[in-house]
Amino acid sequence: MTTSNTGNHAVDPDVVEELARLRDSIDNIDAAVVHMLAERFKCTQQVGHLKARHQLPPADPARESRQIARLRTLAENAKLDPAFAETLLNFIIAEVIRHHERIAEDTGNSGGGADGTGNVTDTAPASD
Ligand SMILES: O=C(O)C(=O)C[C@]1(C(=O)O)C=C[C@@H](O)C=C1
């Protein structure tokens, strides 16, 4: 459903047109973000299976630190708030780790410590 949010006054048609043009671009960008995220999750699903097969921990904090440092620099160069970029990446990675943990559970490998890093001693499952 479309709703108009113009209040009670008539809006200049040029403004309506410019708003529509900008919203078209926003819709395209949102679609690209969704498609890129879907591709990223396809990759991370494969990483999750690889890690589960080889008893690797779901999370890799050292890798995450490198990703965050890199993304913050990219964000700064792109004039995007680096703190926002970091929060977004952490949000995505938290979801990936949840998927990895689920895959490990389903594969019969709980993958190490409760924080998913494998830093806590845990008994490795006897898979073979
Ligand atoms: O690179 C990995 O090891 C992954 O599991 C992928 C990924 C990511 O989403 O980028 C997720 C979890 C890890 O802690 C680090 C990175």
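Counting convention: from 1, in listed order, for ligands and their atoms alike.
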Work out which heavy atom in [X] is nearest to a heavy atom in [Y]; give both atom names and the distance.
| X | Y | result |
| --- | --- | --- |
| I103 | T107 | O-OG1, 2.5 Å |
| N109 | L56 | ND2-N, 4.4 Å |
| A104 | A52 | CA-CB, 4.0 Å |

Inset, instruction - With sequence neighbours excluded, tell me which residues meet side chain to side chain donor-acceptor pair (under 3.5 Å) with H99. - result: Q45, E95
Legend entry - By side chain to side chain donor-acceptor pair (under 3.5 Å) - contacts of K79 (at least two apart): none
Legend entry - Sub-4.0 Å heavy-atom environment of ligand 1, residues by chain: R40, T44, V47, K51, P58, A59, D60, R63, E64, Q67, I93, V96, I97, H100
Legend entry - Residues forming a side-chain contact (heavy atoms from CB on, under 4.5 Å) with R70, sequence neighbours excluded: L74
